[in-house]
Number of protein chains: 2
Amino acid sequence: MATIQDVAKLAGLSRTTVSRVINEHPYVTEEKKRLVSNAMQELNYVPNSSARRLRRQQTETIAVYVPRITNPFFSHLVEVMEKEAAKKGYQLILCQTRYKKEQERNFLELLKTKQVDGLILTSIENDWSEIEPYLAYGPIVVCNEYSDSAQVPLVFLDQIEGGYIGTKHLIEQGYTKLGYCTGDHKSSRVAHDRRVGFLKALNEAGLQMKDEWYFGGAYSVQDGKRTFENLKKLSDRPQALFTGSDEVAAGIVKAASDAGWKVPEHLAVIGFDNQPLAELMELTTVEQPIETIARQAMELMIESIKSKRTPVRKEVILPLNLIQRSST
Amino acid sequence: MATIQDVAKLAGLSRTTVSRVINEHPYVTEEKKRLVSNAMQELNYVPNSSARRLRRQQTETIAVYVPRITNPFFSHLVEVMEKEAAKKGYQLILCQTRYKKEQERNFLELLKTKQVDGLILTSIENDWSEIEPYLAYGPIVVCNEYSDSAQVPLVFLDQIEGGYIGTKHLIEQGYTKLGYCTGDHKSSRVAHDRRVGFLKALNEAGLQMKDEWYFGGAYSVQDGKRTFENLKKLSDRPQALFTGSDEVAAGIVKAASDAGWKVPEHLAVIGFDNQPLAELMELTTVEQPIETIARQAMELMIESIKSKRTPVRKEVILPLNLIQRSST
DNA sequence: CGAAATCATGAAATCGTTTTCATATTCAGA
DNA sequence: TCTGAATATGAAAACGATTTCATGATTTCG
C-alpha cells in the first residue's frame with residue numbers, strides 16, 4: 001500500500017507539496033498538481049485513515065445507541081440517521097445497549113478514547129449524571145428520549161400528549177375500563193410521560209386505573225401475546241388496552257383473535273409508532289414523526305461536532321398524531 | 001485530555017514503561033506498575049484510539065453492508081452481527097447501499113483507506129470483479145448473498161431449495177396456477193436461485209408459468225399492495241403467489257382482504273423469512289436461519305482479520321425450512 | 001568462575017498524515 | 001528604485017501510541 005512518501009518520491013516533490021495538492025491548498029503550480037495526481041493514480045494511493053484521524057483530531061464517525069436494532073422504531077431512526085450521516089461524509093457506528101446500563105457505559109468509552117466524534121442516544125439507561133462527564137470528550141445528542149438536566153440538544157416527542165390523545169381517544173370511543181401496557185423502563189422518560197398523559201386523560205374523565213390492569217415487561221410481539229394471556233386470567237378485565245408499541249399491540253390483537261375474541265368489541269387496543277404492521281393489523285396507533293426527529297438529531301450532532309462549542313441545552317419537541325383504525 | 005507523556009511524567013517513568021504497563025508486557029516491577037496505575041487514574045487517562053490504530057495497523061472495526069436497515073431480515077442479521085462483534089471487542093459500522101452500485105463502491109473505500117479491518121456484504125450490487133480488487137486492502141465475507149467466483153468465505157442459504165420447497169408446497173396444496181413476485185434484483189444470486197427453484201418445481205409438476213404472472217419491483221408492504229392491485233386487473237389470474245419477503249406477502253394478503261378476497265381460497269400467498277409479521281398475518285413462509293448465518297459470518301470475519309492470511313473460498317450453506325400457516 | 005540468558009528501564013524510531021516555520025523568488029505599489 | 005506582500009516549495013515538528021534497540025544489572029548454568 002502506497003504512502004504519501006511514495007507519491008512524493010514518484011512525483012519528485014516533497015510530502016508537503018503532495019499534501020497541499022490532496023487538500024487543495026493554495027500556491028501550488030498546475031504543473032506540480034499534475035505530477036502529483038499522476039503519481040497518486042499510478043500508485044493507487046489513498047490517504048491512510050488512522051494517520052489522518054491522528055493528525056486532524058477528527059474521526060468523521062458518529063456512534064448511535066439503540067436498545068435493539070430489530071425494533072422497527074429504532075431501525076427506522078437508524079435508517080434515516082445513517083442516510084443523513086453518509087450525506088455529510090460521516091460513518092455511523094451502531095451500538096446496541098439492550099437496555100443495559102453497563103453496555104451503555106462500555107460504549108461511552110468510544111467517546112472517551114476518541115473513536116468517534118460524537119454520539120446520539122435514542123434511549124437512556126444510566127442516570128444523566130453518569131453520562132454527563134463524557135461531554136468533556138465530545139458532543140452528545142439525545143433523540144427520542146428526554147432528560148431535564150441534560151445540557152445537550154434533545155430532539156423528542158411530546159409523549160405526555162401522546163399518552164393523552166391515545167387515552168382520550170379510547171375514552172371518546174366509550175371505553176371506561178382502560179388497561180396500561182408498557183415495557184419495564186426504569187430510567188425512560190418516554191414511558192414515564194406516556195403514563196402521565198394516560199393518567200391525566202383518565203382523571204379528566206373521572207376514571208380509575210386498577211393495579212391489575214397494569215401490564216409490564218412488554219417489548220415485542222411475543223410479549224404482547226403473553227400480556228393477553230395475563231389479561232384473560234383476570235376476573236375484572238379492562239375493555240381497552242393502551243400499549244407502547246405497535247408490535248406489542250399486534251401481539252395482543254393476534255392472541256385475542258386466536259382466542260376467539262373480537263377486536264375491538266371484546267378488547268380495544270391502541271399501539272404506538274404507526275409501523276407498516278399497524279396498517280396490516282388495522283391498529284389504531286399514535287404516529288411518531290420518526291424521520292423528522294432522526295434527521296434533526298443527526299443535523300444537530302454534525303453541527304455540534306463542527307462548531308466545537310460548549311454544548312448547550314436545546315429542545316426540539318414535536319407533536320404526535322393519532323391514526324384511527326379498526327382496533328379501537 | 002491526558003496523554004501517555006503526561007502519565008509518564010506524573011509517574012516519574014518513561015513512556016515506554018507506561019506503555020508496557022498498559023499493555024501488560026513483562027519485566028516491569030510491581031512498584032512501577034503501581035505508580036503508573038495511580039497516575040493513569042489521577043489523570044483519568046485512556047489511550048487515544050487514532051494513535052493506537054496508526055501504530056498497531058488495526059481499527060477493531062468492521063463494516064456491514066445492508067441495502068436498508070428497516071427491512072426486518074437485514075435488521076435481524078445486523079442485530080446478531082453487532083452482538084457478536086461487541087463480544088470480541090469490535091465495533092460495527094453500518095453501511096446502507098440502498099441497492100445502488102455507486103453507494104456500495106463508496107463504502108468499499110472504507111477498506112481501502114483502512115477505516116475498517118474488514119467488511120461483510122449481505123447483499124451485492126456490483127459485479128464481483130469490481131469488488132475483488134478490494135481484497136488487497138482487507139478481508140471480505142459474504143453473508144446471505146452468493147457469488148461463484150468470489151474467493152472469500154460465504155455464508156448463505158440454499159435458495160434454490162427455498163424456491164423449490166415453497167413452490168412444491170403450493171403445488172401440493174392443489175394450486176396449479178402459480179404467480180411469482182420478487183424485487184428487481186439484477187445482480188442478486190438469491191433472487192436468481194429462488195426463481196430457479198420455483199421453475200424446477202413447476203417443471204416437475206408439468207406446470208407452466210405465464211409472463212403476466214410475474215410481478216417485479218416488490219420490496220415492501222406497500223409494494224405488496226401494489227402487486228395485488230396489478231394481479232386483480234388480470235383476466236386470467238394465478239391461484240397462488242410465491243413472494244420473496246413476508247412484508248410483501250403481508251401487503252398482498254392485506255390488500256386482498258381489504259378487497260373482500262379470502263386468503264387462501266381466492267389467493268394463496270407464501271412469504272419468506274418467518275418474521276414476527278408472518279405469524280401475525282398467518283403467513284405460510286420459508287424460514288431462514290438468520291441468527292446462524294449472521295453469527296457464522298461475523299466469526300469468519302473476525303477469524304479472517306486475525307489470521308492475516310490470503311482469503312480462501314469457503315462455503316457455509318444452510319438449509320431452509322417451510323412453516324405452514326393459513327395463507328396457503 | 002565466566003559466559004549467556006534474563007530482568008528492568010529508557011531513548012529513539014516508527015506508523016502516515018498535515019501544519020508550521022523557513023527560504024527563495026516574484027510582483028505590485030509607493 | 002525599494003520595500004512589503006504574494007507566491008512557491010520543502011524540512012521539521014506535531015498528533016500519540018507502541019516497538020525496537022540499547023544499556024546496565026542480576027541470575028543461571030556449564
Side-chain angles (χ1 to χ4, degrees), chain A residues 1-37 39-40 43-61 109-117 137-138 308, chain B residues 1-37 39-40 43-61 109-117 137-138 308:
Chain A
M1 249 106 279
T3 68
I4 201 167
Q5 182 59 47
D6 300 316
V7 175
K9 201 166 185 177
L10 185 60
L13 297 166
S14 73
R15 287 172 294 153
T16 307
T17 301
V18 176
S19 178
R20 284 193 175 111
V21 174
I22 289 168
N23 294 294
E24 299 182 350
H25 286 206
Y27 310 139
V28 183
T29 61
E30 292 306 310
E31 167 67 6
K32 299 291 167 66
K33 282 177 181 173
R34 205 180 46 76
L35 287 169
V36 169
S37 292
M40 283 175 68
L43 293 168
N44 201 12
Y45 167 80
V46 290
N48 178 290
S49 170
S50 300
R52 267 194 157 176
R53 285 168 178 243
L54 178 59
R55 191 56 188 78
R56 285 179 169 180
Q57 303 278 292
Q58 278 175 337
T59 68
E60 276 165 9
T61 306
E109 291 294 296
L110 291 176
L111 201 56
K112 195 172 181 182
T113 61
K114 295 190 178 298
Q115 215 160 157
V116 298
D117 289 338
Y137 304 103
K308 295 183 197 291
Chain B
M1 249 105 281
T3 68
I4 200 167
Q5 181 60 46
D6 300 317
V7 175
K9 201 167 187 177
L10 185 61
L13 297 166
S14 73
R15 287 173 293 151
T16 308
T17 302
V18 177
S19 179
R20 287 194 174 109
V21 173
I22 289 169
N23 294 292
E24 299 182 350
H25 285 207
Y27 310 138
V28 182
T29 60
E30 292 305 312
E31 168 66 5
K32 300 292 168 64
K33 281 176 180 173
R34 202 180 48 78
L35 288 170
V36 169
S37 293
M40 284 175 69
L43 293 168
N44 200 13
Y45 167 81
V46 290
N48 179 288
S49 169
S50 299
R52 266 191 158 178
R53 285 169 178 241
L54 178 59
R55 190 59 188 77
R56 285 177 166 180
Q57 304 278 293
Q58 279 174 337
T59 69
E60 278 166 8
T61 306
E109 290 294 297
L110 291 175
L111 201 57
K112 195 174 183 183
T113 61
K114 294 189 178 296
Q115 215 160 156
V116 299
D117 289 338
Y137 304 104
K308 295 184 196 289

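Numbers restart at 1 for each chain; the letters A, B, ... are given by sequence-line order, proteins then strands.
- For the segment residues 2-11 of chain A, residues with any heavy atom less than 4.0 angstrom from an atom of DNA chain C are, sorted by number, A:Thr3, A:Ile4.
- Interface residues of residues 18-31 of chain B facing DNA chain D, ordered by number: B:Ser19, B:Arg20, B:Asn23, B:His25; criterion, heavy-atom separation under 4.0 Å.
- For the side-chain hydrogen bond (donor to acceptor under 3.5 Å, both in side chains) test, residues two or more places apart in sequence or in another chain that qualify with B:Thr17 are B:Ser14.
- The side-chain hydrogen bond (donor to acceptor under 3.5 Å, both in side chains) check on B:Asn48 picks up nothing, with sequence neighbours excluded.
- When distances are taken from the side chain of A:Ser14 to each of D:dT19, D:dG10, C:dT18, the shortest belongs to D:dG10.
- OP1 or OP2 of D:dT9 has not a single side-chain nitrogen or oxygen of A:Thr17 nearer than 4.0 Å.
- Taking 4.5 Å as the limit, every side-chain heavy atom of A:Tyr45 sits out of range of all side-chain heavy atoms of A:Val36.
- For A:Lys32 and D:dA8, the shortest distance from a side-chain N or O to OP1 or OP2 is not below 4.0 Å.
- From one end of the helix from C:dC1-D:dG30 to C:dA30-D:dT1 to the other, with five pairs defining each end axis, the axis direction shifts by 40° (rounded to 10°).
- A side chain to side chain contact (heavy atoms under 4.5 Å, CB included) with A:Val18 holds for exactly one of A:Thr3, A:Asn23, A:Val28, A:Ile4; it is A:Ile4.
- For the side-chain contact (heavy atoms from CB on, under 4.5 Å) test, residues two or more places apart in sequence or in another chain that qualify with B:Thr113 are A:Val46, A:Ser49, B:Gln115.
- The nearest pair of heavy atoms linking A:Val7 to A:Met40 is CG1-CG, 3.8 Å.
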I'd like a table of atom pairs between the protein and nucleotides 27-29 of chain D - only N or O on both sides, under 3.5 Å - with the distance next to each one.
none

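- Every salt bridge (Lys or Arg N to Asp or Glu O under 4.0 Å) that B:Lys33 has, sequence neighbours left out, goes to B:Glu30.
- The closest side-chain heavy-atom distance from B:Arg53 to A:Arg53 is below 4.5 Å.
- Judged by distance alone with a 3.5 Å cut-off, a donor-acceptor contact links the side chain of B:Thr16 to the base of C:dA11.
- Annotation: side chain of A:Gln5 is in contact with side chain of A:Arg15 (closest heavy-atom distance under 4.5 Å).
- Contact of the B:Thr61 side chain with the B:Asp117 side chain is not registered, since no non-hydrogen atoms from C-beta on lie closer than 4.5 Å.
- Contact of the A:Met1 side chain with the B:Lys114 side chain is registered, since non-hydrogen atoms from C-beta on lie closer than 4.5 Å.
- Applying the side-chain contact (heavy atoms from CB on, under 4.5 Å) rule to B:Leu10 yields the partners B:Ala39, B:Glu42, B:Leu43; only residues at least two apart in sequence or on another chain are considered.
- For A:Arg55, there are no side-chain contact (heavy atoms from CB on, under 4.5 Å) partners, not counting sequence neighbours.
- For DNA chain C, the residues of residues 44-52 of chain A within the heavy-atom distance limit of 4.0 Å (strictly under) are A:Tyr45, A:Val46, A:Pro47, A:Asn48, A:Ala51, A:Arg52, sorted by number.
- For D:dT18, the base has no donor-acceptor partner in the side chain of B:Arg56 [N/O atoms by modelled type, under 3.5 angstrom].
- Residues satisfying the side-chain contact (heavy atoms from CB on, under 4.5 Å) test with A:Glu31, not counting sequence neighbours, are A:Thr29, A:Arg34, A:Leu35.
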